[in-house]
Every structure is written in C-alpha cells, then in structure tokens.
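Bear in mind that the values here come from a model prediction, so they are computed numbers and not experimental data. In this chain, residues are counted from 1 in sequence order.
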Amino acid sequence: MSVKSSNAMRRRFCYNYAVLGSIEEAAVRAGFPRESALEEGIGCLKSGHCRALIDELRQTLADSDDVAAGLKRLAFGNCSDAVYLVFADELPPASVINQLDLFNVSEIKRIKGGGVEVKLFDRMKALEKLFELRNTCSDRNSAEQLIKALSADSRDDDEYD
C-alpha cells in the first residue's frame, strides 16, 4: 500500500472515529480489513497527528457526543442492509455479513419456515431521546450562563464596597 493511500485511510479513520466512536467500525469503514481493523484503529489512535485531527473534528462537531451520535444514527440511519438481509434467498456468507451496517437492528431471529425476522430500533423513541438530550444540554447551558451572570454581578458589587 502506498504512503498516500495509507494516509488517506488513516484520515478516513479519524473522520469515522470522530462520528462513530467505535475503533473497529471506524477502521472497517476507512478501508482496513475487518480481520485487522481493531489493531489498525488502535495504531491510528497512537498517532499524535490522528489524535489531533480527531480532537479538531470533535470540536467542529461539538453537538455530536457519543450518546447524541448514536441516537442520530438510530433516528436517521440507513436500514438498507437490514432489508437486504431479510430478502436474501440464502444467508449471505460471513464475509458479506461483516460488511453490513446493522447498527439499527435490535434483534435477528430465524423463523421456523426458514425466513429471518429482523427488528429495528424505534426511530421515534430515538428522536424523543435526542430531543430530551438537547433540552437537557440547553437547560444546563442556560443554568451555567445564569450562574456566570449572577456571579459577575456579585463581583461587580464587591468592587464598590
């Protein structure tokens, strides 16, 4: 692998890790083989350049902490891989299944007739939780601003005593 393509994969790892928070999944999405994804991802995280880029990306995406990012994926994520799995005539090989994005899947069952039942997480519930999280953060920021304003007023009063 060339240095240029290696650097591009490491950069893609950083982008994916900043959003997903999963070392292995970020490495697979960046193009590293699943068999060595965890090891490659950890190698990327050991790099000061990668850590700096991830920190920069997380600051840019300040509203997407791990919980909010997961809720956003549940609420707005793509379910096409789950649909593929349900309508496949045969169970795909493990190598294909490993490449599927099944983040939105909460349960998979084999049915007696040979079919597959796939349950997805509730998008509305994820949206409700995301809304609650945003309101909590908003309330916390408002409270912090009020405390700062009150403490600034009290400091101003102290100057005139």
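Leu85 and Val83 fall within a single hydrophobic cluster, where Ile, Leu, Val, Met, Phe, Trp and Tyr are joined by side-chain heavy atoms under 4.5 Å apart, directly or via other members. Connection of Leu130 to Leu74 is not established within any shared hydrophobic cluster, with ILVMFWY side chains joined at heavy-atom distances below 4.5 Å, either directly or through further cluster members. Hydrophobic cluster membership is shared by Leu38 and Phe32, with clusters built from Ile, Leu, Val, Met, Phe, Trp and Tyr side chains linked at under 4.5 angstrom. Side-chain heavy atoms closer than 4.5 Å link hydrophobic residues (I, L, V, M, F, W, Y) into clusters, and following such links, possibly through other members, connects Phe76 to Leu133. Transitive grouping of hydrophobic side chains (ILVMFWY, heavy atoms separated by less than 4.5 Å) keeps Leu71 and Phe121 in distinct clusters.
We find that Lys129 and Glu132 are joined by a salt bridge, their nearest charged nitrogen and carboxylate oxygen being less than 4.0 Å apart.
Of all heavy-atom pairs spanning Arg10 and Ser47, the tightest one is NH2-CB, 3.2 Å. Taking every heavy atom of both residues into account, Ala75 and Arg123 meet most closely at O-NH1, 2.8 Å. Contact record, Ala37 with Val28: CB-CG2, 3.6 Å, taken as the closest heavy-atom pair. Closest approach of Leu53 and Cys14 over heavy atoms only: CD2-CB, 3.6 Å.
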Asp122 and Glu128: side-chain contact (heavy atoms from CB on, under 4.5 Å), yes or no, with the steps? CA-CA 10 Å; Asp122 186 339; Glu128 288 170 6; over 6 Å; no
### Evaluation steps, side-chain contact (heavy atoms from CB on, under 4.5 Å), between Ile54 and Tyr15
CA-CA 7 Å; Ile54 291 166; Tyr15 297 152; over 6 Å; no
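Within the 4.5 Å cutoff, the side chain of Val96 has heavy atoms near those of the Pro93 side chain. Tyr84 is listed as a side-chain neighbour of Pro92, based on a closest heavy-atom distance under 4.5 Å.
Listed by chain and number, the residues in a side chain to side chain contact (heavy atoms under 4.5 Å, CB included) with Lys109 are Glu107, Glu117 (sequence neighbours excluded). For Glu25, the side chain to side chain contact (heavy atoms under 4.5 Å, CB included) test picks out Leu20, Ser22, Arg29, Arg73, Asp101, with sequence neighbours left out. Partners of Val118 according to the side chain to side chain contact (heavy atoms under 4.5 Å, CB included) rule, which considers only residues two or more places apart in sequence or in another chain, are Ala82, Val86, Val105, Ile108, Val116, Leu120.
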